[in-house]
Amino acid sequence: MGKYNVVVVGTDGSETSFRAVEKAASIAAESDAKLVVASAFLDSHDDGAGPAPDQARTVEYRTQGNAPIYEMLRKAADTARDAGVSDVEERAVEGAPVDALLQLADDVNADLIVVGSVGTNSIVGKVLGSVPRAVSRRAKAEVKVVDTEG
């Protein structure tokens with residue numbers, strides 16, 4: 001395994017996303033790397049197809065530290081610290097998950113992006129594409145897709 005300086009991982013608060021956080025934390029701890037845990041949210045004025053019902057939707061989620069998105073980021077950061085990561089940053093990022101994760105990775109000069117495999121084997125994932133596939137295709141950094149469906 002290579003030596004990394006900055007590792008980025010996204011979470012939506014789900015059990016499967018925390019499996020990706022655990023793997024990213026293990027890699028970051030082994031490399032003595034900074035780990036940036038992130039969660040994307042869409043502003044309520046977004047005219048897209050709309051976020052999932054549990055997707056954080058307003059600017060308040062970005063600015064108020066006790067909002068649900070920050071609770072899941074704190075949980076992810078605590079998981080990383082428990083795994084031995086000494087430098088953990090929590091980031092709430094506005095945008096669709098793929099775009100937000102890729103922009104954040106560029107912004108922090110990540111050498112590794114860790115994503116879970118959820119959706120890669122679903123019919124929708126095979127037809128329309130999944131977050132892991134989209135991130136893998138578009139990322140400038142190395143991407144590790146963690147089997148989180150098992």
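Every heavy atom of this structure was used, including side-chain atoms; hydrogens, water molecules and symmetry mates were not.
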Visitor: In plain terms, say whether D99 and R138 are close enough for a salt bridge, that is, a side-chain N and a carboxylate O under 4.0 Å apart.
Guide: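 R138 and D99: salt-bridged.
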Visitor: Restricting to non-hydrogen atoms, name the atom on T11 and the atom on S17 that form the minimum distance, rounded to 0.1 Å.
Guide: OG1-OG, 2.7 Å
Visitor: Do S136 and V145 have side chains that approach each other closer than 4.5 Å (heavy atoms only, starting at C-beta)?
Guide: yes
Visitor: To the nearest 0.5 Å, how far apart are CG in D87 and CZ in R81?
Guide: 9.0 Å
Visitor: Quick one: pull up CZ in R91 and CD1 in I69 and give me the separation to the nearest 0.5 Å.
Guide: 12.0 Å
Visitor: Would you check if K3 and D32 make a side-chain contact, meaning some heavy-atom pair closer than 4.5 Å?
Guide: yes
Visitor: Of the non-hydrogen atoms in V85 and A29, which two are nearest, and what is the gap between them?
Guide: CG2-N, 3.8 Å
Visitor: Taking K75 first and then E71, would you say they form a salt bridge - that is, a charged N and a carboxylate O separated by under 4.0 Å?
Guide: no
Visitor: How close do P97 and A40 get, counting heavy atoms only, and between which atoms?
Guide: CA-CB, 3.8 Å
Visitor: Of V93, L104, V7, V9, which meets side-chain contact (heavy atoms from CB on, under 4.5 Å) against V36?
Guide: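 Among the candidates, only L104 passes.
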Visitor: Can you measure from CE (M72) to CD (E90) and round to the nearest 0.5 angstrom?
Guide: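 With rounding to 0.5 Å, CE (M72) is 11.5 Å from CD (E90).
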Visitor: If you compare all heavy atoms of A24 against all heavy atoms of L35, which two are closest, and at what distance to 0.1 Å?
Guide: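 That closest heavy-atom pairing would be CB-CD1, 3.9 Å.
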Visitor: At what distance, to the nearest 0.5 angstrom, does CG of D12 lie from CZ of F41?
Guide: 15.0 Å
Visitor: Rounded to the nearest 0.5 Å, what separation is found between the CG atom of L102 and the CD1 atom of I113?
Guide: 5.5 Å
Visitor: Side chain of S39, backbone of A92: donor and acceptor closer than 3.5 Å?
Guide: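 It does not hold such a pair.
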Visitor: Is any side-chain heavy atom of K144 closer than 4.5 Å to a side-chain heavy atom of I27?
Guide: yes
Visitor: How far apart are the closest heavy atoms of V88 and A80, and which atoms are they?
Guide: CG2-CB, 3.9 Å
Visitor: Side chains of N5 and N109: closer than 4.5 Å at any heavy-atom pair?
Guide: no
